[in-house]
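Here the structure is laid out as structure tokens; the discussion comes afterwards.
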Amino acid sequence: MEDIADWMWCGGASLVLLSVLIDTVVAIWQRKFGLDLIALVSIAGAITLQEYLTASVITLMFAGGRALEGLAERRAQEEMSALLAKAPQFANRYDGSVIAQVPMTAVRPGDRILVRSGETVPVDGTLLAAAVVDRSSLTGESLPVSYSAGNAIASGSINAGDAFDLLATNTSQDSTFSNIIRLVHAAQHSKAPAARLADRYALLFVPLALGVAGLSWLLSGDPNRALAVVVVATPCPLILAVPVAIVCAMSRCAQRGVLIKHGGALEKMAQVKTLFLDKTGTLTVGRARLTAMATAPTVPHEEVLRLAASLEQMSNHAIAQAVVCAAIGRGLALSIPEHASEQPGAGLSGRVDGIEVRVGGIEYVLGSAAMPSWSMGLGERVGYEGTAGVYVAIDGRFCGVLHMADEIRLDTPRAMRLMRASGVERIIMLTGDRRDVAATIGNSLGVDTVMAEQTPASKLAAIADARRNSVTMMVGDGINDAPALAAADIGVAMGARGAAAAAESAQVVLLVDRLDRLAFAVRIAQQTRTIALQCVAAGMGLSMFAMLVAAFGYLPPVAGAIFQEVIDVTVILNALRVLRLEKEKAAERLSADDVSKLQEEHARLLPVIDRLRWLADRADELPASTIREELASLSTSLQDQILPHESTDDATLYPRVARLIGGQDPMASMSSTHREIYRLSRTVDRLATKMPSEKRDKASMQEMRRTLYALDAILRLHFAQEEEIYHGLSS
């Protein structure tokens with residue numbers, strides 16, 4: 001029986017020995033020198049000296065290490081592979097009054113789609129009714145998220161509530177979910193190998209181990225001492241612990257919506273010092289939003305926006321849809337237009353509630369007429385900021401300008417701060433946009449260098465120059481970013497909505513539309529590298545100690561194998577700590593629902609803030625009696641809407657946010673802003689009472705303007721600060 005067991009141990013070890021021998025010969029032929037050589041010597045030595053149990057233990061650990069190393073390359077794609085099974089094949093499209101099930105390829109922008117409970121949202125679209133969706137498979141959010149009518153929703157989410165309708169804004173091929181599916185396939189077929197951290201130590205460790213083994217044999221004449229030295233020197237901690245740490249890190253990143261294609265990219269991320277960022281779609285949202293309005297003195301902001309948005313419903317243009325979303329977000333009731341006619345690239349005309357409305361570019365709406373004085377400021381701003389202006393005429397009279405701009409992402413400033421805290425020394429913005437526009441964005445974010453009006457070739461040159469001095473990372477989303485992403489040490493694609501070419505060129509893909517997730521991945525990479533180095537140092541240190549003991553004959557081969565197992569278990573348990581990195585309980589975050597409700601509340605209050613600026617701008621043109629009436633109306637709105645909102649924040653939301661942030665009083669500055677809002681609101685109330693209705697008072701008019709402009713500025717800044725804080729604390 002003992003002979004049979006020996007033959008079985010020997011047979012199993014011999015199979016692994018043959019595999020290792022072939023791999024070692026190939027590696028040497030390719031001039032690669034790794035840790036497989038010492039495994040080959042230890043297995044062959046154990047078999048030669050008939051230490052079959054020892055040989056089997058070594059082969060078991062070596063084979064396990066190989067399997068785990070392969071798993072490290074596949075794990076991130078496996079985290080996302082469940083998405084492939086959820087890809088919808090059909091959509092429920094309204095054809096007149098009938099709902100027909102049609103292939104995904106038949107869906108076109110403008111189609112009305114029904115999404116039943118439990119179904120996957122088939123295409124990107126705009127909600128026509130409130131909805132509750134589960135985004136966990138896309139973003140890692142643990143709780144369903146509520147959206148109101150008018151909000152954009154990405155394909156791939158699952159309907160977690162009642163059935164709802166949406167208006168398709170993309171084809172299935174161009175939708176978010178299809179892009180993610182392509183990214184998963186690309187990751188599955190990625191050929192980029194992970195650089196094995198363990199191999200970096202082979203040049204030192206392998207000759208040292210073989211030298212100690214040979215010396216102990218030479219001095220003692222006992223080959224078992226040499227075998228024992230080689231057995232305890234078998235670098236299982238390096239073979240196993242490092243891949244385990246990489247597996248765990250790639251898994252943690254995938255859970256948070258960061259797809260890392262291979263372990264080599266993870267290792268590089270831990271060392272990044274220079275960060276290149278594209279502007280549009282990366283630092284900014286990448287789609288237009290209403291940021292300001294200017295209207296004729298006698299026309300209310302809300303009416304201009306309502307009429308324009310009602311007509312814009314008939315267009316699929318991105319700017320038109322942004323106007324519609326802005327109106328719905330402010331709670332305006334839109335009407336169905338009649339006799340709508342669109343001139344592609346120019347604008348629309350039609351009747352809304354019996355009123356003739358014309359919306360579009362400046363030439364389409366104004367023709368050769370000069371712009372009135374009340375619109376000059378915003379019109380000039382549209383020009384020098386390189387943004388879009390939507391011009392509105394009502395019953396043939398020019399009445400308003402809507403300023404549509406691509407705003408900085410809420411998470412961008414936080415992401416920049418976190419990247420600097422992670423050790424990034426230089427942040428450079430690379431963009432093909434105009435120099436003045438790029439400088440405005442770059443300076444407001446505090447980037448070190450703004451490189452504007454760049455071509456794909458000049459982006460490549462800038463990255464190549466930076467690579468000579470530091471590890472570089474490039475983040476982009478467009479087709480023109482693909483060469484730069486491939487040229488950098490680490491290319492990161494904003495893959496949720498970005499171009500497929502960019503995602504295929506990158507080593508890292510952000511599957512969620514949040515730049516701060518990149519900072520999370522960098523922190524994970526750095527902490528993983530630290531843990532991996534701890535495993536390497538501890539494993540090698542203990543192995544070298546055991547080598548010396550074995551060289552003096554105090555540790556036989558079998559005991560050495562057992563001791564080596566203890567080392568292996570210790571370092572692997574240490575490597576598994578990566579799974580607990582950056583873990584947070586759900587109670588330690590704000591839900592996406594909380595953030596969404598805050599943004600909706602702010603959107604509902606924006607018309608009040610718009611009236612502050614409108615009255616301050618029109619003070620010279622309005623009669624004294626009208627000013628007094630407007631001030632009284634504003635005071636009522638402030639008392640009934642703005643101040644109750646701020647009081648509720650102070651009493652209920654701020655204490656919760658303070659607990660999440662930590663520290664003794666982290667929301668003190670925000671509460672101070674509330675006090676200033678209260679003071680200015682009281683001033684508006686006082687002015688409404690004392691403002692003369694018959695004759696203008698110069699001192700009162702100056703105080704009114706100062707107060708209104710100050711209140712407008714502080715409320716807008718305060719809302720932006722709140723949204724950034726809550727967004728950063730959201731799940």
Distance (rounded to the nearest 0.5 Å) between [X] [atom1] and [Y] [atom2]:
X	Y	atom1	atom2	value
T295	L402	OG1	CG	9.5 Å
L283	M429	CG	CE	6.5 Å
L311	I355	CG	CD1	12.0 Å

If we ignore angles and hydrogens, is there a donor and acceptor under 3.5 Å between the side chains of S625 and R628?
->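 The criterion, which ignores hydrogens and geometry beyond distance, is not satisfied for R628 and S625.
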
Modelled atom types, side-chain donor and acceptor of N159 and S117, under 3.5 Å =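 Side-chain D/A pair, N159 to S117: absent.
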
Atom [atom1] of [X] with >12 non-hydrogen neighbours under 6.0 angstrom:
X	atom1	result
M670	CE	yes
D162	CG	no
R604	CZ	yes

Between R252 and I524, is there a donor-acceptor pair closer than 3.5 Å when you use the side chain of the first and the backbone of the second?
-> no

For L418, does its backbone N or O pair with a side-chain atom of S422 as donor and acceptor, under 3.5 Å?
-> yes

Close side-chain approach of [X] to [Y], heavy-atom, < 4.5 Å:
X	Y	result
I113	P122	yes
E303	C399	no
V390	E312	yes

Answer yes or no: is there an ion pair linking R112 with D165, defined by an N-O contact shorter than 4.0 Å?
->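 Looking at R112 and D165, the cut-off is met.
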
Charged N to carboxylate O under 4.0 angstrom, K597 versus E600?
->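 Judged by the 4.0 Å cut-off on N to carboxylate O distance, K597 and E600 do not form a salt bridge.
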
V392: which of L307, L305, V323, V359 passes side chain to side chain contact (heavy atoms under 4.5 Å, CB included) = V359

Pair R686-T689, side-chain hydrogen bond (donor to acceptor under 3.5 Å, both in side chains): steps then yes or no | CA-CA 5 Å; R686 177 174 56 81; T689 304; over 6 Å; no

Residue pairs passing the ring pair (Phe, Tyr, Trp, His ring centres under 6.0 Å) test with at least one member in residues 629-664, sequence neighbours excluded, are H602-H645, H645-F719, Y654-H674

